[in-house]
Each structure stands twice: as C-alpha cells, then as structure tokens.
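Please read the structure below before turning to the comments.
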Amino acid sequence: MILSPDECLAVSSLGWADKGGLWVLDTRRGEISTHTLSDARYLSLCAGSDDYFAVMHHYLGEQLVITAHSFTDPVQVIGRLRFSPTGHQFEGEPRVWEYLPKAYIGFLKQPALSDYRLFLIEPVLTQAEVVTLDWYDNSYDKDYQGLTGVVEVPGQDKLIISVQRDSHPVLYDLSQRKVVKKLSLARRAGNPTLRFRKHPCELWADDYDTLLRLDISNWKVTDKIVIQGARAGSQQFMGAYAFSLDESLCAVARPFSGDVVAVNTKRFRITHTCNLGHQPLTVALLSDGTVYARDWKTGRLLKGQLTKKKWFR
C-alpha cells in the first residue's frame, strides 16, 4: 500500500484480486472503491515525492505502460508513458515525471530478445530509454528468477536491482552501465523488496522471512531479525513492510501469524503488535497507530490498532 502524505488515502493493487484495477481506501470514512485503470494483467505501484505515485501496467510483454497519478484524484491519469517493441511515447503533463521514480523494471518483447529490461526516464528532457541488462544472463534460472524491482540510491548515480529467489541484489552503476557489486542479505532466497529510510539514510530489505538493514557506506548488513517464524524444518515468508510517516516504526505483515508487528527503527526490535486474523499481506501504518492491511487470498481490508508489547520498555 501507498499512503498519501496526509494519511487520508491509501492505494493498492493485488494482481490476483484487482488485475488492472486500483484499490482506493478513504481512511477518514472507511470507504473502499476499486477502479479499472487498464486491461493489463496486473499493476504495481511506485511511490513518488509530494502527492504523486506511479502505476506500472504489466502486459504479457507486448507493451509496458507507466501512468502518473496524484492523491488529489488517484484515479485520474495525469501522464502516460507507453513502451512497445518499436519505441515509446509520452502523453499528458510532462512535468509530473519530475515527482516520480526515474527507474523501473519490467518485461518487454522485442525483435532481438524478449526479456526483463530497465526503463529509464529523463524528466527534464521528457525522454526515456530501454536498457538491456547484459549481466542478467543464463547464470540465472530465468524460468524462476525474474527481476522483481529497482530502487535509486539517494545522491548517487546508481540503482539496486532485486532478483526473484535470490539473496544478492545487484548494485548497478548507471554511468558505467554495469554491475559494480552484489549485496548479500540473509541467504533465504526470497524476493527482496528494497527501501531507503531517509533519516538516517540506510537500506532496508526483506529476504523471505527476514527483515534487514544495511549500511550504505559499505553495503554490509548491520541488523537482521526473523519476522515470520515457522516450525522446525520449514519456512514461511513474511508479508510487505512499510514505515510510519516519521519512520520511527516499520510495520510488517505476517500472513502465517494473522497479525502485523512493528519494529522500532532505532533499536531494530519488535515493540508493537496488531492481531488482525486472516492472512495480512500488504500493510500501511498511520501516525496514530492504526494498521491497515489486505488479506493475501481475498484482498479483503483488515484493520486494527498497534499495541505495545508488555515486555518492551
């Protein structure tokens, strides 16, 4: 889920439940609405700055579309960038791209090779580029190891790209157009989601059942904690994680425990819990401790309130 800066709206899209639809929650009224944005197979959402967010429309490689939205009217498409095997085309308000991520990962069929690509946007010039990633070669099992996401390293001309079922996201130098390092997470072969915490600037990641943070000066893991426990000899994955507005807490969904836990970002310890039942997969945390999540299988809204663990002082 992505929260609006005023915490009045949350947007989400679960492919198996929403397909090409945008799920919108009004947190003030408790009202939910779903709006079809396209006939894409599924959507993925990317937070921007200020009041903006981007939506990636994933087709079966025939095209990739990125649309720009504002929480003022989340359903309205302000800008659109369409990539096809023959080129790309911008539509709508050009300046909106200045408030959105510049790098995206997606699958595109092209005459020479159908594969995952890096899509780069230059907002000032309103230009875009499709980059072939030579390092993503047959050393990966491409039937099981797609590219799952990309984040921009703050203040550097670098990206970090995550690979499915792989605990080694790659640090990619944009100026050199090559991998300069592979990071090491928890060796859990998960599908890492990567986020930068702003104050202080540090990289957070999940690796199947484990939450980690890394020092960006050397890309070493400084802390890690197993979030989703399981019986001996088995593993169960954790759900999505999200920071509170002031970044003092990180809420993590636990689909196999029926709850959401919150990690104190300073101490890196679980300090709060919220029992929701069902199987919470996505999560958003409001400043007043209200937790919103969506059920893994049905997409149903789950709501609760964080409570402090009794043993924590």
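These values consider heavy atoms only, across backbone and side chains, with no hydrogens, waters or symmetry-generated copies.
You'll find the side chain of P169 reaches within 4.5 Å of the side chain of L185, heavy atoms only. No side-chain heavy atom of L133 sits less than 4.5 Å from a side-chain heavy atom of V170. R165 is listed as a side-chain neighbour of N191, based on a closest heavy-atom distance under 4.5 Å. H69 is listed as a side-chain neighbour of V77, based on a closest heavy-atom distance under 4.5 Å. Looking at heavy atoms from C-beta onward, H35 lies out of side-chain contact with P74 at the 4.5 angstrom threshold. Residues L64 and V130 are not in side-chain contact: their nearest non-hydrogen atoms beyond the backbone lie 4.5 Å or more apart. In this structure, T290 and Q305 have side chains that are in contact, with non-hydrogen atoms separated by less than 4.5 Å. Taking 4.5 Å as the limit, some side-chain heavy atom of I161 sits within range of a side-chain heavy atom of W135.
Here the closest heavy-atom approach between residue A103 and residue L120 is recorded as CB-CD2, 3.8 Å. Across every non-hydrogen atom of V221 and S184, the tightest pair is CG2-O, 3.4 Å. Annotation for I66 and A54: closest pair CG2-CB, 4.2 Å, computed over non-hydrogen atoms. Taking every heavy atom of both residues into account, A40 and H58 meet most closely at CB-O, 3.6 Å. Closest approach of V96 to A68, counting heavy atoms only: CG1-CB, 3.6 Å. Closest of all the heavy-atom pairs between A17 and G299 is CB-CA, 4.5 Å.
With sequence neighbours excluded, the residues that form a ring-ring contact (aromatic ring centres under 6.0 Å, His included) with F268 are W204.
A donor-acceptor contact under 3.5 angstrom links the side chains of T72 and D51, judged on distance only. Of the N and O atoms on the side chains of D207 and S167, at least one donor lies less than 3.5 Å from an acceptor on the other residue.
At distances below 3.5 Å, not a single donor-acceptor pair connects side-chain atoms of W97 with backbone N or O atoms of Q127. Between the Q145 side chain and the D141 main chain, a donor and an acceptor come within less than 3.5 Å of each other. A donor-acceptor pair under 3.5 Å is formed between the side chain of T265 and the backbone N or O of S248. Judged by distance alone, the side chain of S244 and the main-chain N or O of L249 form a donor-acceptor pair under 3.5 Å. When atom types are taken as modelled, the side chain of Q76 and the backbone of I78 share no donor-acceptor pair closer than 3.5 angstrom. A donor-acceptor contact shorter than 3.5 Å is absent between the side chain of D209 and the backbone of I227. Formation of a donor-acceptor pair under 3.5 Å by the S4 side chain with backbone atoms of L9 is found in this model. Proximity of a side-chain donor or acceptor of R195 to a complementary backbone N or O of Y241 within less than 3.5 Å is detected. The closest donor-acceptor contact from the side chain of S13 to the backbone of G21 lies under 3.5 Å. Side chain of R213 to main chain of E202: no donor-acceptor pair is present (N/O by atom type, distance under 3.5 Å, no hydrogens or angles).
From R28, atom CZ reaches atom CG of D6 across 7.0 Å, with rounding to the nearest 0.5 Å. Distance check, rounded to the nearest 0.5 Å: NZ of K181 to NZ of K158 gives 12.0 Å. Residue K198 holds its NZ atom at 12.0 Å from CG of D246, rounded to the nearest 0.5 Å. For the atom pair L159 CG and L194 CG, the distance stands at 11.0 Å (nearest 0.5 Å). The distance from the CZ atom of F119 to the CD1 atom of I121 is 10.0 Å, given to the nearest 0.5 Å. Separation of atoms CZ (R41) and CG (L60) is listed at 5.0 Å; rounding is to 0.5 Å.
Residue K102 places its NZ atom among more than 12 non-hydrogen atoms of other residues, nucleotides or ligands, all under 6.0 Å distant. For CZ of R177, the number of neighbouring non-hydrogen atoms (other residues, nucleotides, ligands) closer than 6.0 Å is greater than 12. By the neighbour-count criterion of 12 heavy atoms within 6.0 Å, atom CZ of R300 is sparsely surrounded, having that number or fewer from other residues, nucleotides or ligands. Within a 6.0 Å sphere centred on NZ of K178, heavy atoms belonging to other residues, nucleotides or ligands number 12 at most.
Contact check on D18 versus R294 returns a salt bridge, with a Lys/Arg side-chain nitrogen under 4.0 Å from an Asp/Glu carboxylate oxygen. Between D259 and R254 there is a salt bridge, since a side-chain N of the basic residue sits under 4.0 Å from a carboxylate O of the acidic one. A salt bridge links K109 and E62; the closest N-O separation between the charged side-chain nitrogens and carboxylate oxygens is under 4.0 Å.
Between F71 and F53, the two ring planes are tilted [angle within 30° to 60°]. Using cut-offs of 30° and 60° for the angle between ring planes, the Y136 and Y140 rings count as tilted.
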Are Q279 and F256 close enough, and set up right, to give a side-chain contact (heavy atoms from CB on, under 4.5 Å), and what steps lead you there? CA-CA 6 Å; Q279 292 187 290; F256 297 97; 4.2 Å; yes
Evaluate W23 against L301 for side-chain contact (heavy atoms from CB on, under 4.5 Å), listing each step before the verdict. CA-CA 10 Å; W23 181 95; L301 174 67; 3.9 Å; yes
Would you please test T132 and D134 for side-chain contact (heavy atoms from CB on, under 4.5 Å) and show each step? CA-CA 6 Å; T132 299; D134 295 333; 3.7 Å; yes
How far apart are the C-alpha atoms of L306 and V291, what are their side-chain angles, what is the distance that settles it, and do they pass the side-chain contact (heavy atoms from CB on, under 4.5 Å) test? CA-CA 7 Å; L306 284 183; V291 173; 3.7 Å; yes
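Transitive grouping of hydrophobic side chains (ILVMFWY, heavy atoms separated by less than 4.5 Å) brings I32 and Y292 into a common cluster. M56 and V65 are not part of a single hydrophobic cluster, where members link through side-chain heavy atoms under 4.5 Å apart. Under the 4.5 Å side-chain heavy-atom criterion for ILVMFWY residues, no single connected hydrophobic cluster contains both V11 and L286. L171 is not connected to L174 by any chain of hydrophobic side-chain contacts under 4.5 Å among Ile, Leu, Val, Met, Phe, Trp and Tyr, and they are in different clusters. Residues I105 and V163 are members of one and the same hydrophobic cluster, defined by side-chain heavy-atom contacts under 4.5 angstrom among Ile, Leu, Val, Met, Phe, Trp and Tyr.
Each of V252, V261, L211 was checked for a side-chain contact (heavy atoms from CB on, under 4.5 Å) with I225, and the lone residue meeting it is L211.
Between F107 and Y59, the distance separating the two ring centers is not shorter than 6.0 angstrom.
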